[in-house]
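Here is the naming used below: chain letters follow the sequence lines, and residue numbers restart at 1 for every chain. For clarity, every value in this text was computed on a predicted model and none was experimentally measured.
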Amino acid sequence: MSIEDSEIFTKNKPLVDFVITEGQNLHLDYVEARYIHLTSEGYTFRNGALLGGGVTRTDGIGLRVLHNGNLVFLTTAKLNRDSLSELVRRAKSKVLAAKRKKPIQFSQEPVVEDEWKTPYQIAFAEVPVEEKQQYFATMDQTLHQEFGKSLPNRTIMVSLANELKYIATNEGSKIFSEKMQPVLHTFNTAVGDSGSEQRFFGIGGTGGWEWFKNQNILQQVRDDTLGLVKTAKHAQSMKLGKIDVIISSEVAGIMAHENVGHPSEADRILGREGAQAGESFYVDLLKDGELGSIQLGNPEVTIIEDPTLPGSSGFYLYDDECVKARPRALIKDGMLNELLLNREFAHRFGVSSNGAARAETYDREPIVRMANTYFKPGSYTLEELAEDINHGMYMKSFSEWNIDDRRYQSKYVGLECYLIEKGEITEKMIRRPILELTTRGILGSVDGVTKSFGSSHGTCGKGDPGQGVPVWMGGGEVRMRGIQLGE
Amino acid sequence: MQNNFSKEEPEVLLNTAAELIQKSGMDEFIAQYHSGYDWQIRFSNSEQDIMKEWEIDKLEVFLVKDQRTTTLQIDIPTPTIIEKKLKEASVFMKNSPPNQLYAGMEQSIQTPPSISSLFDSRTKDLVENGSENVYHAIDAALAEGAKKVSGVLYFGSQITSLRTSHGFSGEYAASYYRATLRAFVGSESSGQDLLCGRNLDDFSTKMKNVGRNAGKIASMAVNPKTGIAGIYDVILSPTVGGNIFGEITDAANPLLTMLGMSPLQDKLGAQLGPESLTIRDNPLLGEGLNARPFDVEGTPSQVTPLVENGKLINFVHNTSSAIQTGGKSTGNSNFVDFGGGSQILAPFTSNIEYQPGDFSHEEIIAESKKPTIYITSNWYTRFTNMMEGTFSTIPRDGLFYVENGEIQYPIRNVRLSDNLLRMMKNIIQIGRDVQQVQWWEVRTPTFIPTIKVADCHITAPTK
């Protein structure tokens, strides 16, 4: 059955279309209405005890109007014609009152009518509450039985979301979608000889209740927690000096996201996020060079941004401006290659949008966002990368991280980290090694990427008011040469 | 065309909600209803980017049955929708285990304190003249030498009405505004200032001052030198102090302690800072953006000293956490969002208020003879270990090297990598320039002055 024929859309599609018609009747240049029906089911457990849980359903329409070069965004959960008509009138009144000197314009994009859906077998709503809670309680029991007093504090936070969305524009585009999104986070504290270590771990993707079994989530959580417990027990501080470093796909992923993905966002480059998430050091690079001719890293570095990755947290086939999604090579063979664009900033750059507009919920405006950002896998195995290191480190996971608001200088503190000696990853664990590096320092040190692909889930925050969107980060494991560890 | 909703008066709505909840067989409940509007004007490159409006019409419900709990959030509540959600909630709770965090809610009915100046009726006028005020601020920044200006102005008002199963009924109206403005002279020289409050007296002048201050800092930050890692005394502006020390004051919370997210787990009674340091949780401060006369259980708001003469003397509590720790509720009960549809009834801080110190901002600079770094703004504070308080944060905007009592030159590209508890213990000067800060990086409204800390660890990239 087409999702367009579902009860939710049958009832609410006419209201969205009505908003568009009202906007056309008021002769507004561009009208976009985004209806979202979101069911969120959440649980928080601490040491096996349920602290809170519930199901929230929200329905609403976010209306964006661009008229005479000015932009407004209004939202409502009052889904009836009188209120929606009033909403459109208020939008017109506000947009006429705005007086920009430099008009905002959107790029021309194909008009599309389509639908997409993430596949699932078992909808979350079909699974009894008791069964779900038992699954997470069992997860906690497993950790407690295995790790006992070494793991005194265990928190599990679960989100099971089903999003039904219909977007329509006065240009004629109409996109229906359904996305089923499970996310699980753990926040654990392990104790050992050196004190305590903490780990915030996230796994997410698309799928129904079967995702937990198919992805072997219980095993993933257990394995991750083992790393934390080992670190608390065995990690020693070491003065290593300048070494070669292999980072896992988790660490490579966060670097791809923070050091490359974010500065590639065109709205940051052109200043729209200036007062919040900041700008981008790409501004200086683009003053003197063009995309395709600016070297940012070694030729081994290719960073892909791809919303169409099946099963991924950041998955979509059309963005929130009805632009078809596709993979984007942000960096290709070390060269700055492509930016992330929505229609406003595509126009500013004189190109087409590459489908990077996303909004977290109906009451947030769509802005330029990442989806799934990763180091393109290369040709090595992990063993081959290590073979060529006489004295170095394998950073498997990280704890603390941050980066400046131009996305130039970053810090990643290792959590589960192993000494590499004479070409072998040993069992000797290094306590809290610090990578404090510039983006060029990272990308200019890479000389090998494995052929494997790993992914980590994250919630990327941006915008004001803040919107967190689900993303993946990852790729191959990466070797960097000549890294001086931080103090 | 038949409407599928009706906008009820809060009292009527809550009466209906209370009847339906009682009919559904709940042992206890809280029903809180919000109605109003929020607006936002965002600007960048010295121009308005977008104006946004959100209508608020939301009912939040906390339910208890046989020690099982759940929360509901209902937009545009009507009797039909409330009834439907209650049926779903009953099924959910029946299949859930008892909530060990829940030990009870406020049962007594007490008269809440009156807080003046929560509501300024002129707030709605900002829908018409908000843009004009934004452009005043932009122009003021440009006049100080800025080349472009970005920022945001939020404002709004709402009525909050509460009903509990123990007979509490209360309502209050509140309005607010808050603005952040960032002025840029170059891509590496910028300055930021903030403004927040409720009273709109002299609003236009205040906005111009925000622009002027941000522009001045940006102009001072031109041609920054690369900072050098080392140990420095550090001067934290109110914005920065509100972020860093806010991680301590927000963590004076039994829920966060239980989860391992607080460095204060065994610190009650411990000396955290100098004797000149006194901090309280104060929901009665009218201009404070989290001011309210009662918490979500109907417990009257009260001032709770957290740190007195440097010693940690209290955590914030609600009824459940107080019962479990043998104390008393401090009137800080909230619906705390843990994401994904799951809210928890738990304590949380309201407005944080620092007692002013003895020094002006200028005196603090003038007394900084040894190498000192002055941080005007920061972001991206993250932890290696929240129980230890080991963290780092990135300075942004004007960042200055101070020596011999004067700002010598601007610097860039360094990080403050330290420990929260060590920093609080090493506070050496507290200013008297208290201002309220709340923005993207400071979520709890905090009234805080400039603060100087000794011997902080500054790091820089190695490659």
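- Among the candidates B:Asp38, B:Thr459, B:Thr180, the residue making the largest number of heavy-atom pairs closer than 4.5 Å to chain A is B:Thr459.
- The ring-ring contact (aromatic ring centres under 6.0 Å, His included) check on B:Trp39 picks up B:Tyr37, B:Phe155, with sequence neighbours excluded.
- Using a 4.5 Å cut-off between heavy atoms, B:Glu88 contacts chain A through its side chain alone, with no backbone atom that close.
- Ranked by heavy-atom pairs under 4.5 Å with chain A, the list B:Thr384, B:Leu101, B:Leu72, B:Asn95 is led by B:Thr384.
- Proximity to chain A (any heavy atom under 4.5 Å) is shown, for B:Met258, by both the backbone and the side chain.
- With a 4.5 Å cut-off on non-hydrogen atoms, B:Trp440 touches chain A through its side chain but not through its backbone.
- Options B:Ser392, B:Ala346, B:Pro97 differ in how many heavy-atom pairs under 4.5 Å they form with chain A, and the most are formed by B:Ser392.
- The choice from B:Gln100, B:Lys94, B:Glu388, B:His457 that makes the most heavy-atom pairs within less than 4.5 Å of chain A is B:Glu388.
- Interface remark: B:Val414 contributes backbone atoms only to the contact with chain A (heavy atom separation under 4.5 Å).
- Heavy-atom distances place the side chain of B:Lys85, and not its backbone, under 4.5 Å from chain A.
- Of the listed residues (B:Gly151, B:Ser46, B:Ser96, B:Ser131), the greatest number of heavy-atom pairs within a distance under 4.5 Å of chain A belongs to B:Ser96.
- In summary, the aromatic rings of B:Phe92 and A:Tyr43 are positioned with their centroids under 6.0 Å apart.
- Only the side chain of B:Tyr154 comes within contact range of chain A, with heavy atoms under 4.5 Å apart.
- Applying the side chain to side chain contact (heavy atoms under 4.5 Å, CB included) test to B:Glu441 and every residue at least two apart in sequence or in another chain returns B:Asn243, B:Trp379, B:Trp439.
- B:Asn413 places no side-chain N or O within 3.5 Å of a backbone atom of B:Ala460 that could act as its donor or acceptor partner.
- Note on ring orientation: taking the six-membered ring where Trp is involved, the planes of A:Trp401 and B:Tyr380 are perpendicular (angle over 60°, cut-offs 30° and 60°).
- Side-chain atoms of B:Glu47 come within 3.5 Å of backbone atoms of A:Lys102 as a donor-acceptor pair (strictly under, hydrogens ignored).
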